[in-house]
Amino acid sequence: ATLKEYNVCNRFFADLSYYYPALQQEIEQEIGSKFWERLKQILEKGIAQGYFKNEIKPLIVLESIAVLLNSISRTDKFLKYNSPAEEIFNNSIAVLIKGICTSTGLEVLENHICN
């Protein structure tokens, strides 16, 4: 994604929040709860299969990712870096995800990204 797309995304969420706050909240609740539960299941399965560290707390990890994602997509905090969205992702959310991986999980992730 480009900086232009990033700006459009920020403006969209700002406008949605300003003009239609109830709609925004309804959308986030409907999509968010289903998405959140699925991601929690993925993390739990990854822990059981040895891809993610045993000591992580899936709900705390998900909350951390959500905070980063909201900060990236709904605020102008990252605009000062004048970086494409992919670079921002790779230096924020991807770092968090790599940090919860075991060595096996990192290997699988790197192979997936490279292929």
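Bear in mind the structure is a predicted one, so any value in this text is a computation, not a measurement. We're numbering straight along the sequence, starting at 1.
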Requested in this report: Report the C-alpha distance between F89 and I72 in whole Å, list the side-chain angles of each, state the deciding distance to 0.1 Å, and finish with yes or no for side chain to side chain contact (heavy atoms under 4.5 Å, CB included).
Outcome: CA-CA 8 Å; F89 174 86; I72 291 167; 5.8 Å; no
Requested in this report: May I have the step-by-step check of salt bridge (charged side-chain N to carboxylate O under 4.0 Å, His left out) for K57 and E63, ending in yes or no?
Outcome: CA-CA 10 Å; K57 305 290 185 215; E63 190 71 42; over 6 Å; no
Query raised in the report: Side chain of T104, backbone of G50: donor and acceptor closer than 3.5 Å?
Result: no
Report task. Taking S71 for its side chain and L69 for its backbone only, find out whether a donor-acceptor pair lies under 3.5 Å. Result -> no
**Report entry** For the student: nearest non-hydrogen atoms of I47 and K53, plus distance
**Finding:** CG1-O, 3.8 Å
Report task. Tell me, yes or no, whether the heavy-atom count around E107 atom CD, taken from other residues, nucleotides or ligands under 6.0 Å, exceeds 12. Result -> no
Report task. Drop me the distance from Y81's OH to I88's CD1, to the nearest 0.5 angstrom. Result -> 9.0 Å
Query raised in the report: Given F52 and T102, is the side chain to side chain contact (heavy atoms under 4.5 Å, CB included) satisfied, shown in steps?
Result: CA-CA 5 Å; F52 297 122; T102 61; 5.7 Å; no
Requested in this report: For residues L43 and I100, determine if any side-chain heavy atom of one lies less than 4.5 Å from a side-chain heavy atom of the other.
Outcome: yes
Query - Minimum heavy-atom distance N91-V95, with the two atoms named - result: C-CG2, 3.8 Å
Query raised in the report: Any donor-acceptor pair under 3.5 Å linking the side chain of K45 with the backbone of K40?
Result: no
Report task. Kindly determine whether E110 and K98 satisfy side chain to side chain contact (heavy atoms under 4.5 Å, CB included), including the steps that lead there. Result -> CA-CA 10 Å; E110 292 297 329; K98 288 177 181 180; 3.5 Å; yes
Query raised in the report: Could you state the interatomic distance from CD1 (I97) to CG (L106), rounded to the nearest 0.5 Å?
Result: 11.0 Å
